[in-house]
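For reference, the structure discussed in these notes is given below.
Note that ligands are numbered from 1 as they come in the structure, with each ligand's atoms numbered from 1 the same way. For the single chain, residues carry numbers from 1 onward in sequence order.
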Amino acid sequence: MTTATALSTRELCVEADRNDPLAWLRERFALPEDVIYLDGNSLGARPREAAERAAFVVSQEWGNDLIGSWNKHHWFDLPVRIGEKIGRLIGGADGECVATDTTSVNIFKAVSAALRIQQDDAPSRRVIVSERENFPTDLYIIEGLIALLDRGYSLRLIDAPEDLDAALDDDVAVVLLTEVNYRTGHLWDMGDASGRIHDAGALAVWDLCHSVGAVPVGVAAAGADFAVGCTYKYLNGGPGSPAFFWVANRHLGRVETPLTGWWGHDRPFEMADSYTPAPGGRRFLVGTQPILSLATMEVGIDMHLETDQAALRRKSLELTSLFIDLVETRVGHHPLTLITPRDEAHRGSHVSFRHPEGYAVMKALIANGVIGDYREPEVLRFGIAPMYIGYADVWDSVETLRRVLDEELWRAPEFQERDAVT
Ligand SMILES: *Cc1c(COP(=O)(O)O)cnc(C)c1O
């Protein structure tokens, strides 16, 4: 097997693409010819088939069969059926998964449900632990939930993964961690961390936004209590496609949702005047589902289910290692600081470097056909989606980075101005 460091010329990268057993997958995505897309961790590329699927749902199911589609085309079951597929993908055999709502909303439901369990089992525990480096919405949602519950809960933030144990005392009720950090790409060992969280008497809620579809995930084997995540990133579900919500079976008998909408009712079409939760994970549905998005996203989920996740992980690590090596050997004369773990066991599928002019550099890269993104502060983030990124893409994108920096293309005035979405 080729090692990343051996790929010291573009020709060797092209040859590695020729020998890549996963190379055929790229043809199943629609990507513009003149672009290297390194932002699949923010909005995954479109599976070609998704366009036909969307067109069929709009013209045939909605256009022709109208309201009958809830039954005829099984719209009503979509969040559960697709949720089951995602459940398989995240190794959730021992649990139930639904595809619904956004990750933000699902974090609210999961942390709230976990706190309710602890309110019965360990009522004195009033601390929620998370990471200062977590994606902001994860922290904002907890802040709002704490204010809403008004029971003296507080949020305790750790500054680095090594600080987890020190933060776990008898006051901790719930820990919310993101398996792969959105900025640095740091990957937790979910089983090890969940074990330590349980040993301390707390429950473990995992956010899988930057791991599902890029890193093999095993929520049941890890002993997770709840898991949530996006589908529009590495799962290629499409812009704003619904998130997922997974809960371990051992909690199903008692777990409660804070958002008791009619879609989570045991018998929604009885139109009863009070709420009875559905028996399984379905109780975590709230209201009418975004059917167009759900139907379209199934294409990407199916592709991931058909793909060997271990092979995908091997390729992802080879590509991220290659990216790091090439930047350091070919662009190392510029002030770039790697913030992604070198240790493969702790690396997700994106690579981030800090550069003092990060924002302008990224804008110049995008103008030159390499689409990554920029995150505060000073971070150039390059998502390596192994389904459609190849070895030569990595070579070419590093060469573009070298040109942007060597020729100081980023100094152009049009690259200094901030857009609304970075
Ligand atoms: C992308 C991401 C989100 C996004 O949440 P939305 O509700 O879909 O906007 C949340 N958490 C993490 C860790 C993410 O990476």
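The salt bridge (charged side-chain N to carboxylate O under 4.0 Å, His left out) pairs that include a residue from residues 232-253 are Asp225-Arg250, where partners are two or more places apart or lie in different chains. Pairs of residues two or more places apart, or lying in two chains, never qualify as side-chain hydrogen bond (donor to acceptor under 3.5 Å, both in side chains) while including a residue from residues 45-59. Within the structure, every pair that satisfies the salt bridge (charged side-chain N to carboxylate O under 4.0 Å, His left out) test and touches residues 100-111, not counting sequence neighbours, is listed here: Asp101-Lys109.
Using cut-offs of 30° and 60° for the angle between ring planes, the Phe382 and Phe323 rings count as tilted. Aromatic ring orientation, Trp263 versus Phe76: tilted (interplanar angle from 30° to 60°). Between Trp70 and Trp75, the ring planes lie perpendicular to each other; the angle is over 60°, past the 30° to 60° tilted range.
The 4.0 Å heavy-atom shell around ligand 1 contains residues Thr102, Thr103, Ser104, Phe135, Thr137, Asp138, Thr178, Asp207, Cys209, His210, Cys230, Tyr232, Lys233, ordered by chain and number.
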